[in-house]
Amino acid sequence: MKYRKSKVLIVDDSEVVRHILSKALTPEGYTIYSAIDGEDGWRKINELRPDIVLLDVEMPTRNGFDVLREVRENFKAEEIAVIMVTTQSDGKGIARAFEEGAFDYIPKPATESEIKARVRNAIRAIHLLREQKHLRQQAEAANQSKSAFLANMSHEIRTPMTAILGYTEILELEARTHQMPELFLDSLDTIRRNGGHLMELINDILDLSKIEAGKLDVESIACSPQTIVEEVMELVQVRAEAKGLKLETHFKFPLPAQIHSDPTRIRQILINLIGNAIKFTEVGTIRLETELLQAPYEEPQIQFTVVDQGIGMSEAQMTNLFRPFSQADSSTSRKYGGTGLGLTICKRLANILGGDISVESELNQGSRFSATVRTGSLAEIELLHELLDTNVISTTVAADNKTASVEEEFPLRGKHVLLAEDGPDNQKLISFILKKAGAEVSLAENGEEAYQAAIKEMERGSLFDVILMDMQMPILDGYSATRKVRDVGYTGPIISLTANAMEGDREKCLAVGCNDHITKPINRRQLVAMISEIAESSELCLS
């Protein structure tokens, strides 16, 4: 980083002192300016923006401390450094100078070498501060570029993945209905599984980027450790059974009925840890242990421990375990696959939730991963000494859902949806999903067409039940189109469709007037449920 010739402003009401200071500093190559008192000095500070100000303490009209205070209130440390010039030798004036924000002081009288040295040190310090600021700005710019790249990458991959995964699901349903050959079903299952793996990779990269940028939102809500464990075990059961592995849970009592944390992130940690255990275990049992940790003078934590009988690790292999894109060794990646992001994300999530992740392992004997999270206050929280019976509730809910699904075969019947989407494949896919659910669908290929369609519907005295608005479109994008229809008084519900999944994307959509937000690849059931719920809510508001 190149620096211009340093500017030094000497502020002193004594012409003799100004001459001494100027004479000492002129051979150093600085550009020297002078001011005859505090008022003149403050005016020239604003005009010249010097690097260094040599400021006399005792002056008429405005003393040095008044000027120093003004400088520190209006300029940052890397912009102007102030050196007080003082005859006070009792220490009080010097101490006050530092308290008020001076960089250094020069006593009266002072030798030329002392004057040069103190100004030289101030120049070096201010250059270092500017260098740090420059590097910080570069780092921030690089981080913004990385975030923009990841957001763009996410969009470019998620858009085609919507069509790939969506059509695969439709073909699987049709294939089973028409009893297609097993090879056909296996091929579709392979496409769906590999598409799912690709989406997991994208989500891992985005999660890591959000964590590193400090932009990952976490909740702190009441949740049940027992329920979280049961939900996780249900989700990983199929993977374990496919390898012939046994899953066990063990609860150590007493256990709080509720904690305050982020259940989604806890599930993410546990699914990753158990998924790794399944991946690296060929035979045996995988056990998930849950217990409450309470130590004197420390906040209580819940500890989840995943114990497997897999390949284990040596001390050397565990060294890089929690570093991004690292695995135990290169052969692990070749044999088992994966990016090495999972454990890094889990550890950082645990840290954010007030805990940590530790590991104990022995080569060829298995591993023991322990994840802790803060519980929040346990005052007035029931401590369980046995598990709550959730089977009755689950069975009732399942039965209700089954009945509802039969009754709601066409949940969007009677609903008119405007789909604003420029991608032909996604137009066909989303239209198919909506029509299959009973909806009438109108198409708009860009934001301008969506705006015109909404206006025409308003002129006819009605509104679309829902507008599905893709946010990245030609001619007029979804953000501008939404803002435009809201500006003319359109009050119908709008749901944004976007392949972007970075921090703030949902808020950005809501800010322009969307009612809700759904990301690509689109989950068929989630999309239909969201449209149904928002359309019904809108009808109730209008009735």
Donor-acceptor pair between N121 and R124 side chains, under 3.5 angstrom: yes
H260 and S220: side chain donor to acceptor below 3.5 Å: no
Flag the pair [X] and [Y] as a salt bridge only when some basic side-chain nitrogen lies within less than 4.0 angstrom of an acidic carboxylate oxygen.
X    : Y    : result
E100 : R72  : no
R118 : E114 : yes
E448 : K484 : yes
R69  : E73  : no

Looking only at atom types and distance, does a side-chain atom of [X] sit under 3.5 Å from a main-chain N or O of [Y], one as donor and one as acceptor?
X    : Y    : value
N426 : D422 : no
K44  : S34  : yes
D477 : Q472 : no
S22  : R18  : no
E58  : D13  : no
K7   : L48  : yes
S367 : V307 : no

[X]: which of [options] passes side-chain contact (heavy atoms from CB on, under 4.5 Å):
X   : options           : value
L54 : V17, L25, D104    : L25
V11 : V53, D56, I36     : V53
T26 : T31, I32, V8, L21 : I32

More than 12 foreign heavy atoms under 6.0 Å from [atom1] of [X]: is that the case here?
X    : atom1 : result
E15  : CD    : no
Q138 : CD    : yes
E28  : CD    : yes

Evaluate the side-chain proximity of [Y] to [X]: yes if any heavy-atom separation is below 4.5 Å, no if none is.
X    : Y    : value
D51  : R130 : yes
N272 : Q268 : no
F369 : L343 : yes

Show which side-chain atoms of residues 288-296 pair as donor or acceptor with protein atoms under 3.5 Å away, not counting sequence neighbours.
{"unit_1": "E289", "atom_1": "OE1", "unit_2": "R368", "atom_2": "NH2", "d": "3.0"}
{"unit_1": "E289", "atom_1": "OE2", "unit_2": "R287", "atom_2": "NE", "d": "2.8"}
{"unit_1": "E289", "atom_1": "OE2", "unit_2": "R287", "atom_2": "NH2", "d": "2.7"}
{"unit_1": "E291", "atom_1": "OE2", "unit_2": "Q303", "atom_2": "NE2", "d": "3.4"}

